[in-house]
S.K.: 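Just dropping this structure here.
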Amino acid sequence: MSATHHGIGAAAGSADGFDRPLLDAAQRRTFRRRQRLREWVITWALRLCALTAVIGLLLIMVFVFREALPVVFDPAIRAEAGLARLFATDMWQPVGGVPKYGIAPLVVGTLKVVAVAMLFAVPIGVLAAIFTSEFSSPRFRELLKPVVEILAGIPSVVLGFFALIVMASWLQAATGSPTRLNALNAGIALALGVLPTVFSVCEDALRAVPRSFREASLALGASRWQTAWNVTLPAASAGVAAGVLLGLARSIGETMIVLMASGNAAIVSASAFDSVRTFSATIAAELAEVVFGSGHYAVLFFLGAILFVTTFAINVAAGIFVDRLRRRLAGA
Amino acid sequence: MSAASTTGALDPRATAPLPVARPARHPWGDTAMIVLSGLAVALIVLMVALILGNVLIFGWRTVTWEFLAAAPSHGMTAGGIFPAIFGTSALVLLMTVALIPFGVGAAVYLHEYARPDAWLTKAVRFSVNNLAGVPSIVFGLFGLGFFVQFVGRGMDRAMGLDVVWGQPALVWAALTLALLNLPVVIVTSEEALRAVPRDTREASLALGATRWQTIRNVLLPQAVPGILTGAILSVARGAGEVAPVMFTGAAYFLPYLPTYPTDQFMELGYHVFVLATQSPDVEATKPLLYGTVLVLLLLTFLLNLTAILLRARLRSRLAGRS
């Protein structure tokens, strides 16, 4: 191709003595046509690359739902693990003579762990974001950012390990709880996992609030905290909501931390000191031993489908808040 | 409260530097809340220090050359982690090979070709955002249901083989991870393309280069640091992810190293999980567990650090130009 480069334009009258184009009109047409074809092929190849994201998401949906649907439609599996049976009992005993697939303890367990996690992650994340964006020097921010990035970079299996081996003993000593691994332990570890998300999104949102908002508030005699709490935070509220929602979605879907730190006992109770079993941990713990195509297999995919739908809805909501923030700040 | 405001300067708690506009009311509550928010920051830093410190103190003794170079032995109560390091490397290498062309291609399309308001562009951006939010365990389910059961079994049936492809394997785990990390690479590569100044692009087009020639010879070479950032970030994430690979290819223990894409493999993150939860002798395993965690943390830390430095350079270049 590169040899024909010179020929595309007319090289007529050039210094090297050629007074004739390197390519005649027909050759030039062929060259142009070939070049156009190549550009067209490449455009489509790149478009297909971009489409892999769409196709990937669709495939995830299709294949998780496909394996989950027997719970609703397959008569043999419905008898063993139909929807009615999933809600009929509060026992989760998938292995045994008469397997019981009551998902109530899993729902309770997931809600409990997520509630504990958000109880820690939201106040700490939002307050830390306020401090960093409103009250700290740029130099301090440059020091703190890598610390949060380190926390974000810690693999969840390491957080799970820390909660299982180290933190559980500390917490048990501090609270006198009868169980070492419980909802509190898993929830705090989970909070560590989602803190970077909550913090980073909130901090970005706060920093995006124009300086004039703060100056106006301070000029009116408001104190620094009053300004941060009553002016800056409300202005960034959509971003804060997005951060909290993204953290919520992550905490619902997070697997290794709860699998290792929660004790995994399927119990219906309100106490944070009981062991809990979550949706994600149930899938992770049981899928390896399950028979392909069995009722148990379908139920685990059904749990996965519920996880997918829930987190998807929360993420879409977070996306709407992000758009709203962007529009509001663009208008301001 | 209002009485305190007159003596605010003497209040030892009001040591925070004040802005030009001096708070007229509630200086005590004000300082208290600022201190409280500062405590939230301190708590985050403290937790990070606790985790890293704990792993470092109990792990550094274990990490020796023998530990890095030997295989686990005596029911995983002795020996090293070489197979896990090897398996993780093979996994992220395969993942990167599958991931980079698609991720960079998608970013090039989004930034150089797509009209921002076309429905296709919107669909791609929506998918990228939401793909990043799919729980990793759902990726695991998907990898098992799609790659192993559907594609793998399908290939076996089409080629009349016994079970060769239709079982958990290195290649399926790598592809699952590649999909998981697709958003990371797309977002960072697009950022890198954004950092290439407009005039460079226009100069190339004005010289008669086609769109693709401009991209290949002008834009991509300049975007390499950004693309590398995305690749490194996804490798760091891939090395530590467990949920997506535990059903698609990671093995509890393997007496041999994987040599074919259809082999299973040992992975560092999964090895941490196995040592922490499945050990027959917890106390004997503990030093190995800490050593493995330290190696995994050092690996992800170094990768992330490289990515952060690369990105900082990229951003400063971007800032210098605008």
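Chain letters run A, B, ... following the sequence lines, proteins first and then strands; every chain starts at 1. These numbers were taken from a predicted model, which means no experiment stands behind them.
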S.K.: Measure distances from B:Phe139 to the heavy atoms of chain A and classify the residue's part below 4.5 Å as side chain, backbone, both or neither.
M.R.: side chain
S.K.: Begin with the C-alpha distance, continue with both residues' side-chain angles, and end with the deciding distance and a verdict on side-chain contact (heavy atoms from CB on, under 4.5 Å) for B:Met33 and A:Arg224.
M.R.: CA-CA 10 Å; B:Met33 285 314 288; A:Arg224 298 175 76 196; over 6 Å; no
S.K.: Answer with side chain, backbone, both or neither: which region of B:Gln149 has an atom nearer than 4.5 Å to a non-hydrogen atom of chain A?
M.R.: side chain
S.K.: Which one, A:Leu259, A:Ile130, A:Thr227, A:Ile252, leads in non-hydrogen pairs under 4.5 Å with chain B?
M.R.: A:Leu259
S.K.: Might you point out which heavy atoms bring A:Ala284 and B:Met246 nearest each other, and give the distance in Å?
M.R.: O-CE, 3.9 Å
S.K.: State, to 0.1 Å, how close B:Gly145 and A:Phe63 come at their nearest heavy-atom pair, and which atoms those are.
M.R.: O-CD2, 3.7 Å
S.K.: Which of the residues A:Thr43, A:Leu144, A:Leu195, A:Leu192 is involved in the greatest number of heavy-atom pairs with chain B at under 4.5 angstrom?
M.R.: A:Thr43
S.K.: Taking all non-hydrogen atoms of both residues into account, name the closest pair between A:Ala50 and B:Ala106 and its distance.
M.R.: CA-CB, 3.5 Å
S.K.: What do the steps show when you test B:Asn129 against A:Val316 for side-chain contact (heavy atoms from CB on, under 4.5 Å), and what is the final call?
M.R.: CA-CA 9 Å; B:Asn129 283 340; A:Val316 169; over 6 Å; no
S.K.: Please flag which part of B:Leu305 lies under 4.5 Å from any non-hydrogen atom of chain A: side chain, backbone, both or neither.
M.R.: neither
S.K.: Rounded to the nearest 0.5 Å, what separation is found between the CE atom of A:Met256 and the OH atom of B:Tyr270?
M.R.: 8.0 Å
S.K.: Under 4.5 Å heavy-atom distance to chain B, tell me which part of A:Phe162 shows up: side chain, backbone, both or neither.
M.R.: side chain
S.K.: With a 4.5 angstrom heavy-atom cut-off, could you sort out which part of B:Ile51 is near chain A: side chain, backbone, both or neither?
M.R.: both
S.K.: At a heavy-atom separation under 4.5 Å, does B:Asn304 approach chain A through its side chain, its backbone, both, or neither?
M.R.: side chain
S.K.: By a 4.5 Å heavy-atom criterion (distance strictly below it), what part of B:Pro101 contacts chain A: side chain, backbone, both, or neither?
M.R.: backbone
S.K.: Give, for atom CG of B:Leu39 and atom CZ of A:Phe131, the distance between the pair rounded to the nearest 0.5 Å.
M.R.: 9.0 Å
S.K.: Side chain, backbone, both or neither: which part of B:Tyr113 has a heavy atom under 4.5 Å from chain A?
M.R.: side chain
S.K.: Let's test your reading of the structure: which of A:Val166, A:Leu246, A:Leu303, A:Leu58 forms the most heavy-atom pairs below 4.5 Å with chain B?
M.R.: A:Val166
S.K.: Hey, does the Lys NZ or Arg CZ of B:Arg153 hover above the aromatic six-ring of A:Phe292, less than 6.0 Å from the centre and inside 45° of the axis?
M.R.: yes
S.K.: Under 4.5 Å heavy-atom distance to chain B, tell me which part of A:Phe65 shows up: side chain, backbone, both or neither.
M.R.: neither
S.K.: Mark yes or no for whether A:Asn315, through its side chain, and B:Asn130, through its backbone, hold a donor-acceptor pair below 3.5 Å.
M.R.: no
S.K.: Which one, B:Gly143, B:Gly38, B:Ala239, B:Pro183, leads in non-hydrogen pairs under 4.5 Å with chain A?
M.R.: B:Gly38
S.K.: Relative to chain A, which of B:Leu110, B:Val108, B:Val128, B:Leu50 shows the most heavy atom pairs under 4.5 Å?
M.R.: B:Leu50
S.K.: Is it the backbone or the side chain of B:Val55 that comes under 4.5 Å from a heavy atom of chain A, or both, or neither?
M.R.: side chain
S.K.: Is the shortest heavy-atom distance from the side chain of B:Tyr109 to the side chain of A:Cys49 under 4.5 Å?
M.R.: no
S.K.: First locate atom CG of B:Leu144, then atom CD of A:Glu67, and finally report the distance between them rounded to the nearest 0.5 Å.
M.R.: 7.5 Å
S.K.: Do A:Ile165 and B:Leu289 pass the side-chain contact (heavy atoms from CB on, under 4.5 Å) test, and can you show the C-alpha distance, the side-chain angles, and the key distance before you say yes or no?
M.R.: CA-CA 10 Å; A:Ile165 306 283; B:Leu289 175 58; 3.7 Å; yes
S.K.: Sort out for me which of A:Gly319, A:Gly153, A:Ala249 touches chain B most, counting heavy-atom pairs under 4.5 Å.
M.R.: A:Gly153
S.K.: Measure B:Leu303 against the heavy atoms of chain A and call it side chain, backbone, both or neither at under 4.5 Å.
M.R.: neither
S.K.: Under 4.5 Å from any heavy atom of chain B, what part of A:Phe279 do you find: side chain, backbone, both or neither?
M.R.: neither
S.K.: Non-hydrogen atoms of chain B under 4.5 Å away: do they reach the side chain of A:Ser280, the backbone, both or neither?
M.R.: both
S.K.: Counting only non-hydrogen atoms closer than 4.5 Å, does A:Ile283 touch chain B with its backbone (N, CA, C, O), its side chain (CB onward), both, or neither?
M.R.: both
S.K.: Give the minimum heavy-atom separation between A:Gly56 and B:Leu179, together with the two atoms involved.
M.R.: CA-CD1, 3.9 Å
S.K.: Could you measure the distance from the CZ atom of B:Phe142 to the CE atom of A:Met61? Nearest 0.5 Å is fine.
M.R.: 11.5 Å
S.K.: Might you point out which heavy atoms bring B:Ile44 and A:Ala128 nearest each other, and give the distance in Å?
M.R.: CD1-CB, 3.8 Å
S.K.: Ignoring hydrogens and angles, tell me if any N or O in the side chain of A:Glu39 forms a donor-acceptor pair with the backbone of B:Trp212 under 3.5 Å.
M.R.: yes
S.K.: Looking at B:Phe273 versus A:Phe161, is the centre-to-centre ring distance below 6.0 Å?
M.R.: no
S.K.: Given that the side chain runs from C-beta out, which part of B:Val48 has a heavy atom under 4.5 Å from chain A: side chain, backbone, both or neither?
M.R.: side chain
S.K.: Nearest 0.5 Å, please: how far is CD1 in B:Ile34 from OG in A:Ser136?
M.R.: 11.5 Å
S.K.: Checking A:Val126 against chain B: side chain, backbone, both or neither under 4.5 Å from a heavy atom?
M.R.: neither
S.K.: In terms of heavy-atom proximity below 4.5 Å to chain B, should A:Val147 be classed as side chain, backbone, both, or neither?
M.R.: both
S.K.: Please classify the contact between A:Ile124 and chain B as side chain, backbone, both or neither, with a heavy-atom cut-off of under 4.5 Å.
M.R.: both
S.K.: Sort B:Leu131 into side chain, backbone, both or neither according to what part of it lies under 4.5 angstrom from a heavy atom of chain A.
M.R.: both
S.K.: Examine whether an atom of A:Arg47 lies under 4.5 Å from a heavy atom of chain B, and if so say whether it belongs to the side chain, the backbone or both; otherwise answer neither.
M.R.: both
S.K.: Identify which part of A:Trp44 has an atom lying under 4.5 Å from any heavy atom of chain B, answering side chain, backbone, both or neither.
M.R.: neither
S.K.: Is B:Ala236 close to chain A through its backbone or its side chain, or both, or neither, when contacts mean heavy atoms under 4.5 Å?
M.R.: neither
S.K.: Is it the backbone or the side chain of B:Phe102 that comes under 4.5 Å from a heavy atom of chain A, or both, or neither?
M.R.: both
S.K.: Heavy-atom pairs under 4.5 Å with chain A are the metric here; pick the option from B:Gly240, B:Gly105, B:Ala107, B:Gly208 that has the most.
M.R.: B:Gly105
S.K.: For the interface with chain B, which of A:Leu48, A:Leu159, A:Ile154, A:Leu307 has the highest count of heavy-atom pairs at distances below 4.5 Å?
M.R.: A:Ile154
S.K.: Before you tell me yes or no, could you show the steps for A:Thr255 and B:Ser136 under side-chain contact (heavy atoms from CB on, under 4.5 Å), namely the whole-Å CA-CA distance, both residues' side-chain angles and the distance that decides it to 0.1 Å?
M.R.: CA-CA 7 Å; A:Thr255 307; B:Ser136 55; 4.3 Å; yes
S.K.: Pick from B:Thr300, B:Val293, B:Leu182, B:Leu36: which one has the most heavy-atom pairs with chain A under 4.5 Å?
M.R.: B:Val293
S.K.: Which bit of B:Leu297 is near chain A, if near means a heavy-atom gap under 4.5 Å: side chain, backbone, both or neither?
M.R.: side chain
S.K.: Quick check against the 3.5 Å criterion: does B:Asp30 have a side-chain atom that pairs as donor or acceptor with the backbone of A:Trp225?
M.R.: yes
S.K.: Let me confirm one number: the CD1-CG distance from A:Ile60 to B:Leu141, rounded to the nearest 0.5 Å.
M.R.: 10.5 Å
S.K.: Is any side-chain heavy atom of B:Leu296 closer than 4.5 Å to a side-chain heavy atom of A:Val157?
M.R.: yes
